[in-house]
*Asks:* 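Attaching a single structure in structure tokens format; questions to follow.
Quick caveat, the model's predicted, so the values are computed rather than measured. Lettering of chains follows the sequences in order, A, B, ..., and the numbering in each one begins at 1.
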Amino acid sequence: MAIHVYNTLTRLKEPLVTREDKKVAMYVCGVTPYDYPHLGNARPAVAFDIIRRYLEYRDYTVLYVTNFTDIDDKIIKRAHEQNADWRELTERFIGIYFEEMDALNVKRASVYPRATDNIAEIISLVEALEEKGYTYTAQGDVYFEVGKFDRYGELSNRNLEEQEAGARVEVNEIKRDPRDFALWKAAKPGEPSWVSPWGPGRPGWHIECSAMALKFLGAGFDIHGGGPDLIFPHHENEIAQSEAAMGPGHMFARYWLHNGFVTINKEKMSKSLGNFFTVHDIMARYPAPVVRYLLTAGHYRSPLDFSDQALDQAQAAFERLQLGVLNIARVIAGPERVIDRPEQSAALRKAVDGAETDFQIAMDDDFNTPQATAVLFTLVGEANKLMGDPAFIPDAAALTALSDARAKIVALADILGLDLTPPAAEDTLVPGLMTLLIDLRKQARAEKNFALADAVRTRLLELNVVLEDTPQGTVWRRK
RNA sequence: GGCGACAUGGCCGAGCGGUUAGGCAGAGGUCUGCAAAACCUCGUAGUCCGGUUCAACUCCGGAUGUCGCCUCCA
């Protein structure tokens, strides 16, 4: 069964045929580090992290490259506003980006190239384009002449003649054609710059991704990903300049994948609209795994409308998975009964045995995480049903099935980057104290001193410790 | 104006031409001293109008609506 992905370039779901057998080379456009990342930045990071993890699970070796655009107009402007050094600004926000993506359990990419570390490659690429006659210079800037690349518009499916009518056209007297874009920008006084054949300046935005993708992944790499607002013009320009430079017969990237927008009240979350929430602020109110779960609960290509209600629902759903694993752990840590009741665990056994196949069917189909997570809930449900049966007898078959179920739930969740492993073992004093409190409460209850018993439970709850009275005795967990 | 996406039960959100998605919330019940957790039962959805078909939420056409790209933006 082959993995199928939706390719923006063909507008079709296609089987993933990699350039090299069992290897995937992928490039995902990263961030411009001049501010705190917002949820719209986190979405592609998580979406492509899931894709990367799933491909690795399917035995692909993944070379994953995500860039930092660490020099551009916004950075220069922000540094100027804050009277700060632009390098210190980008360093700071790159650090913050890593911290927050780590919290969201985004695996580190193989390489995080920065534009400013790849100036030589960028200049070479512009030179190649210059030699082939795709460029012109004007007032120190170097522009790519879009009209000379006849496949321009293929990715974003736009015919440029047709949109002239009502299009908002950039006011730029320098450019020969409004569609043309800067490959190299001449430095204005006081701006950071690098020496180049065209004088001191800095790279245009689009060229850095081409240069770095080709440097680290080579021509015809497998997957190029990013947000949907990059389809045009950024990715269109990447294709044009890369394929123009390489010449006929060379493809830049084979599959183009784009995630859906995060929206607020159905409107795109964006800095310019001012309706954005930073990952930092959201994680102050909800646990990071809940935020990750929210991003996993919908399909990566669908819009995700963000709200507190959505977070609350995500939290409740995620806790159901967490508690399921915890409940199983308690039962399998308990005693085994040497009575054979194989039929009671037959349904769970069946669910466990079919789970991985169902998970793969879902994920093979363009990474259908909503369908994949349903597999996890089915396993939790079957396990709960078994353990919750008043006639449940923990025989060998049941304990094995439960143990397998737990392992399967945790393993499949891990492929989605959802960590369901119970919190690390406490130091020895805490469990001892908890046993002491539970014993004292048990005594109070035996004496019908429910006020005292409830006070113990209430005050522990204030410490975020939940007591639950089960038929097997009282258990506790952190909230 | 050009191009495109989407429209599912109170909310979120999938698959599928005829057979249970899943989650959240709600109601009733089981268990409990009371809770919590868990389980059981319950709503029986598919914007509208046509068409194809023995059969459509699922395919086709149209309408309506929402959103997006066309400008830096994930």
*Asks:* Within the 4.0 Å heavy-atom criterion, would you say A/Leu39 contacts the bases, only the backbone, or no part of the nucleic acid?
*Replies:*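 A/Leu39: no heavy atom of the nucleic acid under 4.0 Å.
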
*Asks:* For a quick check under 3.5 Å, do A/Asp389 and A/Gln344 share a side-chain donor-acceptor pair by atom type?
*Replies:* no

*Asks:* Indicate, with a heavy-atom threshold strictly under 4.0 Å, whether A/Asn368 touches base, sugar-phosphate, or nothing.
*Replies:*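 Touches sugar-phosphate only.
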
*Asks:* Checking all strands, does A/Leu323 fall into the base, sugar-phosphate, or nothing category for heavy-atom contacts under 4.0 angstrom?
*Replies:* sugar-phosphate

*Asks:* Base, sugar-phosphate alone, or nothing: which one does A/Ala374 contact when heavy atoms must sit under 4.0 Å apart?
*Replies:* base

*Asks:* Is there, by distance only and without an angle test, a donor paired with an acceptor across the side chain of A/Asp469 and the base of B/rC34 below 3.5 Å?
*Replies:*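 Yes, the side chain and the base share a sub-3.5 Å donor-acceptor pair.
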
*Asks:* Any donor-acceptor pair under 3.5 Å between the side chain of A/Arg457 and the base of B/rC34?
*Replies:*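 Yes, a donor-acceptor pair under 3.5 Å.
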
*Asks:* Base, sugar-phosphate alone, or nothing: which one does A/Ala310 contact when heavy atoms must sit under 4.0 Å apart?
*Replies:*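 Nothing, no nucleic acid heavy atom in range.
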
*Asks:* State whether a side-chain donor-acceptor pair under 3.5 Å links A/His258 with A/Thr8.
*Replies:*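 Side chains of A/His258 and A/Thr8: pair found under 3.5 Å.
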
*Asks:* When you measure from the side-chain N and O atoms of A/Ser302 to the phosphate of B/rA14, is any distance below 4.0 Å, counting only OP1 and OP2?
*Replies:* yes

*Asks:* Does a side-chain N or O of A/Asn157 approach OP1 or OP2 of B/rG4 to a distance below 4.0 Å, or not?
*Replies:* yes

*Asks:* Ignoring backbone atoms, test whether A/Lys268 places a side-chain nitrogen or oxygen under 4.0 Å from the OP1 or OP2 oxygen of B/rC69.
*Replies:* yes

*Asks:* Just by distance, no angles: are the side chains of A/Gln360 and A/Tyr57 close enough, under 3.5 Å, to form a donor-acceptor pair?
*Replies:* yes

*Asks:* Looking at A/Lys385, does any N or O in its side chain come under 4.0 Å of the phosphate oxygens OP1/OP2 on B/rC40?
*Replies:* yes

*Asks:* Do the ring planes of A/Phe318 and A/Tyr293 sit parallel (below 30°), tilted (30 to 60°) or perpendicular (above 60°)?
*Replies:*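 Rings of A/Phe318 and A/Tyr293: tilted, as their planes differ by 30° to 60°.
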
*Asks:* Name the nucleic acid region contacted by A/Arg320, choosing base, sugar-phosphate or nothing; use a 4.0 angstrom heavy-atom cut-off, strictly under.
*Replies:* sugar-phosphate

*Asks:* Which sits closer to the 5' end of RNA chain B, A/Leu294 or A/Tyr6, going by the nucleotide each is nearest to?
*Replies:*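 It is A/Tyr6 whose nearest nucleotide is closer to the 5' end.
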
*Asks:* Check every strand shown and say whether A/His38 touches a base, only sugar-phosphate, or nothing at a heavy-atom separation below 4.0 Å.
*Replies:* base

*Asks:* Is there a donor and acceptor pair closer than 3.5 Å between the side chain of A/Gln313 and the base of B/rG23?
*Replies:* yes

*Asks:* CE of A/Met363 versus P of B/rG22: gap in Å, rounded?
*Replies:*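 A/Met363 atom CE is separated from B/rG22 atom P by 20 Å.
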
*Asks:* Applying the ring pair (Phe, Tyr, Trp, His ring centres under 6.0 Å) criterion to A/His206, which one of A/Phe144, A/Phe252, A/Phe181 satisfies it?
*Replies:* A/Phe181

*Asks:* For A/Asn259, report the nucleic acid contact type (base, sugar-phosphate, nothing); a contact means any heavy atom under 4.0 Å.
*Replies:* base

*Asks:* Between A/Arg301 and A/Val262, which residue's closest nucleotide on RNA chain B lies nearer the 5′ terminus?
*Replies:* A/Arg301

*Asks:* Pick base, sugar-phosphate or nothing for A/Glu468, based on heavy-atom distances below 4.0 Å to the nucleic acid.
*Replies:* base

*Asks:* Tell me what A/Met269 touches on the nucleic acid: a base, only sugar-phosphate, or nothing, going by heavy atoms under 4.0 Å.
*Replies:* base

*Asks:* Hey, is A/Phe450 stacking on B/rG33? Ring centres under 5.5 Å, planes under 30°.
*Replies:* yes

*Asks:* Classify A/Arg441 by what it touches in the nucleic acid, base, sugar-phosphate, or nothing, heavy-atom distance under 4.0 Å.
*Replies:* base

